[in-house]
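By convention in this document, chain letters (A, B, ...) are assigned in the order of the sequence lines, proteins followed by strands, and residues within each chain are numbered from 1.
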There are 2 protein chains.
Amino acid sequence: MKTRDRIIEAAAALLDSGGEAAVTLRAVGHACGISHNAPYKHFEDRSALLAAVAIRDCVTLSDSFEKLGKERLKPLAKLEKALQVLSQYGRDYPHRYQLLFSDRDIAMQEGELQRAAMAAFSALAELVGECQAGKVLPRVPTVELAGLLYASVHGLIDLQASGRMKTEKGFKDVRHGITLLLRVLSMGSASTGAK
Amino acid sequence: MKTRDRIIEAAAALLDSGGEAAVTLRAVGHACGISHNAPYKHFEDRSALLAAVAIRDCVTLSDSFEKLGKERLKPLAKLEKALQVLSQYGRDYPHRYQLLFSDRDIAMQEGELQRAAMAAFSALAELVGECQAGKVLPRVPTVELAGLLYASVHGLIDLQASGRMKTEKGFKDVRHGITLLLRVLSMGSASTGAK
DNA sequence: ACCTGAACACCGTTCAAGT
DNA sequence: ACCTGAACACCGTTCAAGT
């Protein structure tokens, strides 16, 4: 495995176990058996290294969504499955989720990350469009509905990832929230609703 | 003004202008005309100071929600106004918003912050309940609907605060997203819907 | 009770030097 | 092309000492 990839992997592992603050170049270097400033030969600076971690995960997610689009399932089932993939990622790797979907500095990165993020969104929007065609989601502009749906699910996942998902606030878990969301949304489209 | 409050204010100002990384005890001390370790006489550590900033804002928001509940307006108008107050806060102070509603370490704080956050949520849930009684929101358990609504709006605001609200992804602004959300939700309740 | 200055361990980043 | 060690400026935190 190339040094560059080993550095990314070490950074991801440190991020998972101790949060962003734990991703120090010294710890990364030590985990890879290199000096603390060797990473500078592979990445511009610390922020570029974190971006590389985010890009790797974003590409993985985007691929999952595209694969899901080709499965032979009902549109709504496909959409629900895609959203569960996202929420599973948020549950398993809360720090990486927040880096990819909630971090301000990461969002400023241009280029590769933007492209990967847009690809993921487009794959999701396509699934939403199929649901509308099948009359299981309301007939409002597709991109807008996809954006709103994505924002809502992001809200649920981020609430959990940040440790704010309390039962007193009406939350059981993200999966339950997504199911409720789709049910309430589909109520406004056709007679598919109920229970 | 007490030194303690001046420290909080200085921290909030630094947070607004340069993000969390800019809130160094040295900068805070300098802004207050005291030494860089004087804040330790008022707060346990840096994280407790940040928590104090979050608590102050949370109490302000909670008060706003309570006041809104007493206004003479239609339930849905009250609810929409409350959500706009929240989104306005997110637009004006994105770093403070993310500290209060997206930061992991802040969420771990017990006591005062938890109480303020719960009070804010309860005030919101009450408005949701009024809407359901007025048949403009679907008849699902009130806390669950309030939780879902809060999560969705949080998702919209956080997307904007983190710099991810791109028009290609179907977003105009948070206000527009909230309106769309309430419209789609109310479609599934009674004949109030349409356009 | 509140503040200061010096000190410590830790960090990102730079740079001259090595293979 | 890739790596190292020393150095720099900057942190949070602690502590003895001052009023």
Q) Hey, does A:V28 reach any base, or is it just sugar-phosphate, or nothing, if we go heavy atoms under 4.0 Å? A) nothing
**Q.** Residues in salt bridge (Lys or Arg N to Asp or Glu O under 4.0 Å) contact with A:D57, at least two apart in sequence or another chain
**A.** A:R96
Q: Going 5' to 3' through nucleotides 13-19 of chain C, assign each nucleotide B (protein heavy atom under 4.0 Å from a base atom), S (under 4.0 Å only from sugar-phosphate atoms) or - (no protein heavy atom that close).
A: BB-----
Q: Please list, chain by chain and in numerical order, all residues satisfying ring-ring contact (aromatic ring centres under 6.0 Å, His included) with B:F101, sequence neighbours excluded.
A: B:Y97
Q) If only atom types and distance count, is the side chain of A:E126 paired as donor or acceptor with the main-chain N or O of A:G69 below 3.5 Å? A) no
Q. Should B:F171 and B:H176 count as side-chain neighbours, where that means a heavy-atom distance under 4.5 Å?
A. no
Q.
Dot-bracket, 5' to 3', for DNA chain C please: Watson-Crick or G-U pairs under 3.5 Å, [ ] where pairs cross earlier ones, | where the partner sits on another strand, dots elsewhere.
A. ||.|||||...|||||.||
Q) So, is B:S35 near the phosphate of C:dC2, with a side-chain N or O under 4.0 Å from OP1 or OP2? A) no
Q) Heavy-atom count around B:R6 CZ within 6.0 Å, excluding the residue itself: above 12? A) yes
Q) Under a 4.0 Å N-O cut-off, is there an ion pair linking B:E144 with A:K169? A) no
Q. Taking NE2 from B:H30 and P from C:dT4, how many angstroms apart are they, rounded to a whole number?
A. 12 Å
Q. Got a sec? Which of residues 4-20 of chain B come in under 4.0 Å of DNA chain D, heavy atoms?
A. none
Q) Taking NE2 from A:H42 and C1' from D:dA1, how many angstroms apart are they, rounded to a whole number? A) 9 Å
Q. In terms of heavy-atom contacts, does CD of A:E112 have more than 12 from other residues, nucleotides or ligands at under 6.0 Å?
A. no
Q: Using the side-chain contact (heavy atoms from CB on, under 4.5 Å) rule, pick out the option among A:I8, A:L49, A:I7 that qualifies with A:H42.
A: A:I7
Q: Count the heavy atoms of every other residue, nucleotide or ligand shown that sit under 6.0 Å from CZ of B:R175, and state whether that count exceeds 12.
A: no
Q | Listed once per pair and sorted, the ring-ring contact (aromatic ring centres under 6.0 Å, His included) pairs that draw on residues 5-36 of chain A, sequence neighbours left out | A | none
(Q) Can you tell whether the side chains of A:K81 and A:E71 come within less than 4.0 Å, N to carboxylate O? (A) yes
Q) Quick one: B:I34 CD1 to C:dG5 P, roughly how many Å, whole number? A) 12 Å
